[in-house]
K.L.:
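Dumping the structure here so I can ask a few things about it.
In what follows, every heavy atom counts, from backbone to side chain, and hydrogens, waters and symmetry copies are set aside.
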Amino acid sequence: MKNGRDSGFNYWKWSYRKKFIRTLWMIPGAIFLSIQMIVMDIQSNFSVFLFVLFIVTLIVQLIYTYIKWKSETQINVR
């Protein structure tokens with residue numbers, strides 16, 4: 001990070017704050033795609049499994065990046 005700013009499109013070089021914001025932006029798209037998948041094939045248990053997997057993964061990623069972001073800011077404050 002130069003001058004406290006995130007730059008570039010390389011996800012691995014982003015700060016956890018920027019990763020958290022990107023994860024927040026993914027929520028509406030993930031919900032929309034999951035609902036579309038269930039609507040297209042309502043009888044399939046596999047579709048329900050994928051829906052749950054997407055939502056759980058998104059929530060875990062959101063929690064993880066938030067915790068890392070807050071721990072990153074606490075380290076920089078000291």
K.L.:
How would you list, by chain and number, every residue that makes a side-chain contact (heavy atoms from CB on, under 4.5 Å) with Ile27, sequence neighbours excluded?
P.N.:
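For Ile27 the side-chain contact (heavy atoms from CB on, under 4.5 Å) partners, ignoring immediate neighbours, are Leu24, Ile31, Leu58, Leu62.
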K.L.:
With sequence neighbours excluded, what pairs up with Phe20 under the ring pair (Phe, Tyr, Trp, His ring centres under 6.0 Å) test?
P.N.:
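Partners of Phe20 by the ring pair (Phe, Tyr, Trp, His ring centres under 6.0 Å) criterion, ordered by chain and then number, come out as Tyr66, Trp69.
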K.L.:
Over all heavy atoms of both residues, which pair between Trp14 and Arg22 is shortest? Give the atoms and the distance, please.
P.N.:
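Here Trp14 and Arg22 meet closest at CZ3-CD, 3.7 Å.
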K.L.:
Drop me the distance from Thr57's OG1 to Met26's CE, to the nearest 0.5 angstrom.
P.N.:
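Interatomic distance, Thr57 OG1 to Met26 CE, rounded to 0.5 Å: 9.5 Å.
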K.L.:
With sequence neighbours left out, what residues match Val60 under side-chain contact (heavy atoms from CB on, under 4.5 Å)?
P.N.:
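Once residues adjacent in sequence are excluded, the partners of Val60 under the side-chain contact (heavy atoms from CB on, under 4.5 Å) criterion are Val56.
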K.L.:
Do Leu33 and Leu53 land in one hydrophobic cluster if side-chain heavy atoms of ILVMFWY residues count as linked below 4.5 Å?
P.N.:
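No; Leu53 is not reachable from Leu33 via cluster members.
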K.L.:
Output the distance between atom CD (Glu72) and atom CD (Gln74), rounded to the nearest 0.5 Å.
P.N.:
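Rounded to the nearest 0.5 Å, the CD-CD separation comes to 11.0 Å.
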